[in-house]
Novice: 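Quick one: the structure is below, and I'll ask about it shortly.
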Amino acid sequence: GGREFAELLASDGTTTRERTRTELARRDCRRVTEQRHDAATDLAAADDEETVIARAMRASEEVLSFDKSTITLKQGDKLVPAADSTGSPVDGSRPMALDEGIAGQTFQAGESVLINDVDATEAAAPAQPEYLSGLSVPVGDIGVFQAVATVPGAFTRDDLNHAELLMSHVAVSLERVRAEDDLRAERDRLAALFENIPDAAFSFELADGEPVVRDINSAFTETFGYGEEVVGASIDEYIIPDDPTAESKAGEFNERLHNGESLRRECRRKTTSGIRDFLMYVVPLELGAENVGGYAIYSDITERRERERALRRQNERLDEFASVVSHDLRNPLSVAEGYL
């Protein structure tokens, strides 16, 4: 009877222990999930790559409880360490070829690796000999995350799953900030180009068929005499002459721009110093499609047109003079011809 009681007691103890372990595991999983969600929110709010990496390493330590971990990112033909956890030694990571070791295998295949025993893993090439187990997780297609331990079998399949989920957020955030950096750099280059165009230029959006100014360059102010007062207003109200024909043509131009046509025309436009002649070149944001905006460049050709008009007047006077001379010479020539 004593033995049966002892067996029953042991069975109850085993059941209670397993239930307790299951509950603790469930609580730990819930904690990791909640903390990972918070970490993902922090990553999504990061404004630059350095901040994303720093927050990823903090989550590795505080959420996943990895003492020694690193993130390596692709730079040229190498995987270069971007950050190490605070528990890692100074030389705990090193640059590697894209196909070197477990990191290279992870990067090339895009698949995670769980290593229970480094010594029994042929492809393993740890940076330190005391690293005896680890896990390796791809960071999108731009890098690799690795965690290591100095004892065999330190990581579980759950650890790997949590690391994969965290690194998926890291990859999205890194790709986002890189895209934003590229967009910002491109925007800065366009802004510099826009400002340094020697001719008057402005960017616009079409609102109810009217070109509303979004930005102007310095040359526009120098040429037309208008400044920030035109930003946010229809440019036609400022530079289209008070002429029904000019207004009609401006409406036609706006309609063609809306339909995705580029325009190159000579035209007359109003400035604060009077009417001047321009070569107008307007480019929509997208050719061949309905557009909501674009860029306009005006090259002042007033002096050239004035020279052309002066030359035309001179030619007209020469034609008139030739006609008069021809008429005046006709009678004397007829007399001379008669004598001859």
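What you see is a predicted model; the values in this text were computed from it and never measured. All residue numbers in this chain count up from 1 along the given sequence.
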Novice: Can a donor-acceptor pair be found between the side chains of T156 and D159 at a distance below 3.5 Å?
Specialist: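 Yes, because at least one side-chain N or O of T156 sits under 3.5 Å from a partner of the opposite role on D159.
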
Novice: Assigning hydrophobic clusters by single linkage (Ile, Leu, Val, Met, Phe, Trp, Tyr; side-chain heavy-atom cutoff under 4.5 Å), is V52 placed with V172?
Specialist: no

Novice: Hey, is OH on Y281 packed in by over 12 heavy atoms from elsewhere, all under 6.0 Å?
Specialist: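 It does not: Y281 OH has 12 such atoms or fewer within range.
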
Novice: Classify the side-chain pair S133/N116 by whether it contains a donor and acceptor separated by less than 3.5 Å.
Specialist: no

Novice: Identify whether the distance between the nearest side-chain nitrogen and carboxylate oxygen of D277 and R268 falls below 4.0 Å.
Specialist: yes

Novice: Does a side chain donor of either T221 or S218 reach within less than 3.5 Å of an acceptor in the other side chain?
Specialist: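 Result is no, nothing qualifies.
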
Novice: Answer yes if the side chains of S112 and E164 hold a donor-acceptor pair under 3.5 Å, and no otherwise.
Specialist: yes

Novice: Is there a donor in the side chain of T86 and an acceptor in the side chain of E61, or the other way round, less than 3.5 Å apart?
Specialist: yes

Novice: Would you say T302 and D300 are linked by a side-chain donor-acceptor pair, where the criterion is simply a distance under 3.5 Å?
Specialist: yes

Novice: For residues F202 and L257: do they belong to one hydrophobic cluster (side chain heavy atoms under 4.5 Å, members Ile, Leu, Val, Met, Phe, Trp, Tyr)?
Specialist: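 Yes; tracing contacts between hydrophobic side chains, which count when under 4.5 Å, links both residues.
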
Novice: Could you walk me through whether L333 and E337 pass the side-chain contact (heavy atoms from CB on, under 4.5 Å) check?
Specialist: CA-CA 6 Å; L333 286 173; E337 185 179 19; over 6 Å; no

Novice: Using a strict threshold of under 4.0 Å (side-chain N to carboxylate O), is an ion pair present between E180 and R176?
Specialist: yes

